[in-house]
Amino acid sequence: MKKLLSFVMIFAIVLCSVSVVFAQDEYSFDLQYTGTIVKNVEKDAVVLLTGVNGTPHTSVQIKVDITGPATPKILATDSAGTEYDIAQLGYWGPPSGFQVGGDFVNRTPIKATFIEEGSYTIKLSLVDLANGNAVITTKTFDIEVYEDVPGGNVVSNVIDNAVVEGNTLEELPKTGTSVVEYVMYIIAIVLIISIIGMYINRKRVNG
């Protein structure tokens, strides 16, 4: 009975370990730009939404919250060619939302103009419209805007996005099981089979 209990405990630990690995995936934001941000000078940037083993959601939006000395102008263009000021709207995405799930990287170019210098905070939140605007993931970016280009001071917030050419947030990302997920399932199955085999062999030896 004690051996059986030990086997059950080990089995549960293995399953929990696999679940924790998958739970660490899901969705995340990043902001990409180069150089110093200067007052009244338009800055090109890119917002990245990444999904890794993301739980499917049929209707989401990106909520945009900005705090600072003044409200900037942040322009984004949808797939129909219509330009929106998402700082004024407070969100990005169709009114009915868009779908996410699985593994993907969505790239949305933006043009930002700050009319006052100072420190700003931009908070991006992925919310589920079908679930009372429940927050799926959120990230805050601290932005410093200068009166003029400071000598020798170059701010850079660049990430490697070589795999995300041509996507926008209104495109439907791919869904399904990733290669990493398959590998983790195989490892979990092998561990479980090994533990069962050890238990059976030990039981035979002990008679």
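Residues: numbered from 1 along the sequence shown. The figures that follow rest on heavy atoms only: side chains count, while hydrogens, waters and symmetry mates do not.
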Mind checking side chain to side chain contact (heavy atoms under 4.5 Å, CB included) for A76 and listing every partner two or more places apart, or none if nothing turns up?
I86, W92, T108, I110

Got a sec, which pairs hit salt bridge (Lys or Arg N to Asp or Glu O under 4.0 Å) with one end in residues 44-58, sequence neighbours left out?
D44-K111

Here the gap from Y33 atom OH to L31 atom CG, rounded to the nearest 0.5 Å, amounts to 6.5 Å

Using every non-hydrogen atom in the two residues, find where A87 and P72 come nearest and quote the distance to one decimal.
CB-O, 3.3 Å

Output for pair (F98 CZ, T58 OG1), nearest 0.5 Å, gives 11.5 Å

Side chains of F104 and T50: closer than 4.5 Å at any heavy-atom pair?
no

Please give the remaining members of the hydrophobic cluster of L75, linking ILVMFWY side chains under 4.5 Å, ordered by chain and number.
none

Under the side-chain hydrogen bond (donor to acceptor under 3.5 Å, both in side chains) rule, collect the residues that match up with T55, sequence neighbours excluded.
E26

Can you measure from OG1 (T137) to CZ (F29) and round to the nearest 0.5 angstrom?
6.5 Å

Salt bridge (Lys or Arg N to Asp or Glu O under 4.0 Å) filter on K73, not counting sequence neighbours, yields none

Just how far is it from atom OH of Y84 to atom CG of L89, taken to the nearest 0.5 Å?
8.0 Å

Identify all side-chain donor-acceptor contacts of residues 115-129 below 3.5 Å with residues at least two apart in sequence or on another chain.
residue : atom : partner : partner atom : Å
S119    : OG   : E144    : OE1          : 2.6
S119    : OG   : E144    : OE2          : 3.4
Y120    : OH   : E116    : O            : 2.6
T121    : OG1  : D142    : OD1          : 3.4
S125    : OG   : T138    : OG1          : 2.8
D128    : OD1  : A130    : N            : 3.1
D128    : OD2  : H57     : ND1          : 3.3

If you take all heavy atoms of S96 and S59, which pair is closest and at what distance?
O-OG, 2.6 Å

NZ/K43: more than 12 non-hydrogen atoms of other groups inside 6.0 Å:
yes

